[in-house]
Number of protein chains: 2
Amino acid sequence: MSQSIEQPADGTRDRTPARAVPTSADVARLAGVSRATVSYVLNNTSAVRISEPTRKRVREAAQELGYVPHAAARSLRAGHSRMVLLPAAHVPVGPLYSRFLNDLQWALRRLDYTVVQYGSIGLDPEDAARAWAELRPVAVVSTGEVEVTPAAVDILKRSGVKAVISVGTRPSGGTHSLVLDQPRVGRVAAEHLIATGRRRIGVVVPEEPGLEMFSAPRLEGARTAAGAVGATVVPLPLAYTEESAGELAARWPELGLDAVFGYNDEYAMLLMRALQDAGVDVPGATAVVGADDLLLGRLLRPRLSTVRIDMVLGGELAALVDGAVNGTADPVGGRSLLDSRVIRRESS
Amino acid sequence: MSQSIEQPADGTRDRTPARAVPTSADVARLAGVSRATVSYVLNNTSAVRISEPTRKRVREAAQELGYVPHAAARSLRAGHSRMVLLPAAHVPVGPLYSRFLNDLQWALRRLDYTVVQYGSIGLDPEDAARAWAELRPVAVVSTGEVEVTPAAVDILKRSGVKAVISVGTRPSGGTHSLVLDQPRVGRVAAEHLIATGRRRIGVVVPEEPGLEMFSAPRLEGARTAAGAVGATVVPLPLAYTEESAGELAARWPELGLDAVFGYNDEYAMLLMRALQDAGVDVPGATAVVGADDLLLGRLLRPRLSTVRIDMVLGGELAALVDGAVNGTADPVGGRSLLDSRVIRRESS
DNA sequence: TTGAAAGCGTTACCAA
DNA sequence: TTGGTAACGCTTTCAA
């Protein structure tokens with residue numbers, strides 16, 4: 001057994017069976033003051049002056065009891081919270097996106113928001129919205145995998161949500177939308193391939209679920225670019241396994257493609273290797289382009305060409321959220337936050 | 001500009017300036033019943049029988065107002081919540097770990113917990129614990145990057161937290177610990193290399209911050225295995241860049257190593273390529289082993305040998321959390337949830 | 001079958 | 001300088 005569970009071993013188990021959690025009333029009692037005074041002292045309320053000895057007594061009492069204020073009670077009283085709800089992704093996405101989400105979480109934290117990840121599987125958009133609304137978040141930032149319909153937005157707004165922001169999808173009614181231009185990724189890839197003389201372009205469409213929201217618009221973008229010059233685009237379903245790549249590579253001659261956009265670097269690497277193993281010359285017979293500019297793509301031979309995506313920064317999105325919450329005018333309007341450009345290496 | 005911000009475009013901006021969020025009292029008023037009745041109807045309280053016409057009136061009133069119950073008020077009244085707090089990682093970790101966290105979040109959700117990600121940067125363990133305690137979570141699951149000291153555990157327990165679970169670290173006082181056996185990863189890698197005749201083993205130690213919690217124990221495990229048979233282990237600091245790998249490869253002759261454990265597949269791939277570019281024969285002169293069994297590792301030539309880590313499943317950890325919360329006896333005791341074994345391919 | 005009221009832990013107003 | 005009190009939104013016991 002390479003893993004173990006340890007019970008608390010300090011001999012204090014059940015020393016205090018269901019001991020009550022101390023409240024400000026307990027602190028007040030111990031310090032011999034009123035609850036109001038406790039609140040004043042602990043919140044450093046400047047409008048009220050409390051004598052130093054009293055402050056000291058209160059603080060000591062709080063310390064002794066291990067008193068910690070109750071956030072829910074506080075925000076109930078205050079009438080608002082600083083909770084930002086992030087609908088959880090159904091499936092782990094790529095490294096770029098994970099990094100983005102992590103950045104976002106930290107940036108929000110720095111702005112003193114509490115981030116709640118909330119998964120809502122098998123709920124339709126409106127039921128999901130109702131579930132989210134129960135938490136009375138001040139903002140909802142949907143990262144696109146979860147659809148936010150106009151009706152859902154209405155439910156949220158009516159429950160007091162100040163800002164509904166969707167990122168990664170096309171704008172949906174009533175939300176502030178941060179549209180990550182996925183079609184552009186496919187478009188610049190295709191344009192690059194066309195510019196280097198290719199005319200029959202395969203576009204990998206991952207079979208793994210949860211990726212359609214990225215892959216479909218990328219495919220569409222490639223189609224746009226190809227349509228403009230009479231080039232052909234062929235969708236290529238591909239699972240992230242060596243078998244699937246091998247099968248696709250075996251069909252390569254009959255497909256008659258002279259280029260392929262691999263959705264991202266990982267799928268592109270997988271396919272490129274399969275093509276090479278099947279005797280297809282890269283980039284001679286077929287050019288290959290990935291996306292994300294992963295370091296690993298530079299390790300293969302030929303080095304993988306890629307579309308570098310400059311993802312919007314978590315900090316900027318956090319600023320947008322904060323602005324929307326405060327009702328401040330759009331803090332990022334007009335700025336280009338997502339840019340994609342081809343980095344040509346050796347595979348194209 | 002490849003990205004745009006859209007304002008709500010339905011012409012309804014500020015249609016209802018600061019309209020109050022409906023409460024159960026509003027519903028009661030509209031339906032012509034008491035708040036109690038509203039609560040009974042909406043919660044399907046079985047102990048009380050409400051006439052069908054009344055139920056209907058209440059439901060319609062709720063519907064019309066867009067009423068959604070207030071979770072904080074509810075749990076304040078109930079005296080407990082179902083919130084699980086997950087201290088946020090400071091830095092994005094590998095794909096395996098992201099997947100694990102995602103699984104965990106979903107598994108907890110399925111058990112009807114609400115997952116709150118909470119970052120606490122620059123806070124010492126006790127202050128962080130106090131911040132967490134304000135939220136009155138029912139459980140805290142530390143994924144290791146954030147240290148949970150015994151004092152922190154005490155603060156949490158006193159605030160009503162039922163279970164403190166730390167995963168990935170050595171057991172810390174008073175918590176249920178799920179120890180992911182990182183040393184074992186290094187040990188099996190080293191044992192494999194030793195078994196195939198290698199004696200001077202380099203172990204990559206990533207320079208990227210936030211990875212020490214994994215890399216240090218892996219290095220230690222390798223040392224243990226080597227020490228047992230008089231083999232040598234040399235730590236190799238390496239940044240995740242081609243330059244760093246190139247510099248390390250350039251020093252290879254003077255290092256005199258006949259094998260290297262690359263920390264994980266990504267670092268191993270990076271280093272293996274640099275070695276090959278520097279003219280080092282792999283696996284002839286130097287054997288290379290990674291970890292994580294990434295698909296991409298099979299694309300290089302020679303195919304990368306790796307340590308396959310069967311990570312504990314999110315669902316199992318969620319079950320442990322649930323068991324700890326319910327006070328049920330340890331639900332996973334004695335089971336081996338983390339296992340590591342070498343998958344030999346061509347690079348060793 | 002329904003309603004009145006208490007209480008969860010806070011904070012803010014007003015009075016002392 | 002301090003304390004009493006009401007109110008935030010909800011559930012639940014008790015009484016009608």
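Basis for what follows: all heavy atoms, side chains included, without hydrogens, waters or symmetry-related copies. Numbers restart at 1 for each chain; the letters A, B, ... are given by sequence-line order, proteins then strands.
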Which part of the nucleic acid, if any, lies within contact of [X], taking any heavy atom under 4.0 Å across all strands shown: a base, the sugar-phosphate backbone alone, or nothing?
X        : value
Thr54(B) : sugar-phosphate
Val38(A) : nothing
Thr37(B) : sugar-phosphate
Val33(A) : sugar-phosphate

Just how far, in rounded Å, is [atom2] of [N] from [atom1] of [X]?
X         : N       : atom1 : atom2 : result
Leu76(B)  : dT12(D) : CG    : C1'   : 14 Å
Arg35(A)  : dG4(D)  : CZ    : P     : 10 Å
Leu42(B)  : dT12(D) : CG    : C1'   : 15 Å
Arg74(B)  : dC8(D)  : CZ    : P     : 19 Å
His70(A)  : dT10(C) : NE2   : C1'   : 10 Å
Asn44(A)  : dT1(D)  : CG    : P     : 15 Å
Glu134(B) : dT10(C) : CD    : P     : 10 Å
Leu65(B)  : dG9(D)  : CG    : P     : 14 Å

Tell me whether the side-chain N/O atoms of [X] come closer than 4.0 Å to OP1 or OP2 in [N].
X        : N       : answer
Thr23(B) : dG9(D)  : no
Arg77(A) : dA7(D)  : no
Ser24(B) : dC10(D) : yes
Ser75(A) : dC8(D)  : no

### Message
Let's test your reading of the model: under 3.5 Å, does the base of dT13(D) pair with the side chain of Tyr40(B) as donor and acceptor?
### Response
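Pair found.
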
Restricting to non-hydrogen atoms, name the atom on [X] and the atom on [Y] that form the minimum distance, rounded to 0.1 Å.
X         : Y         : value
Tyr67(A)  : Thr23(A)  : CE1-C, 3.5 Å
Tyr97(A)  : Thr143(A) : OH-O, 2.8 Å
Ala128(B) : Ser120(B) : CB-CB, 3.9 Å

### Query
Between dC10(D), dT2(D), dT1(C), which nucleotide gets closest to the side-chain atoms of Arg136(A)?
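Shortest atom-to-atom distance from the side chain points to dC10(D).
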
### Message
Heavy atoms from C-beta onward define the side chain here; which of dG3(D), dC10(D), dT12(D) lies closest to that of Ala36(B)?
### Response
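Taking heavy atoms from C-beta onward, the closest nucleotide is dT12(D).
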
### 5' precedence on DNA chain C between Thr45(A) and Ala73(A) (nearest-nucleotide basis)
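This one resolves to Ala73(A).
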
### Task
To the nearest 0.5 Å, tell me how far Arg59(B) CZ sits from Leu42(B) CG.
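Spacing of CZ (Arg59(B)) from CG (Leu42(B)) equals 7.5 Å.
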
### Message
Salt bridge check, Arg29(B) against Asp26(B): does any charged N sit closer than 4.0 Å to a carboxylate O?
### Response
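So Asp26(B) pairs with Arg29(B) through a salt bridge.
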
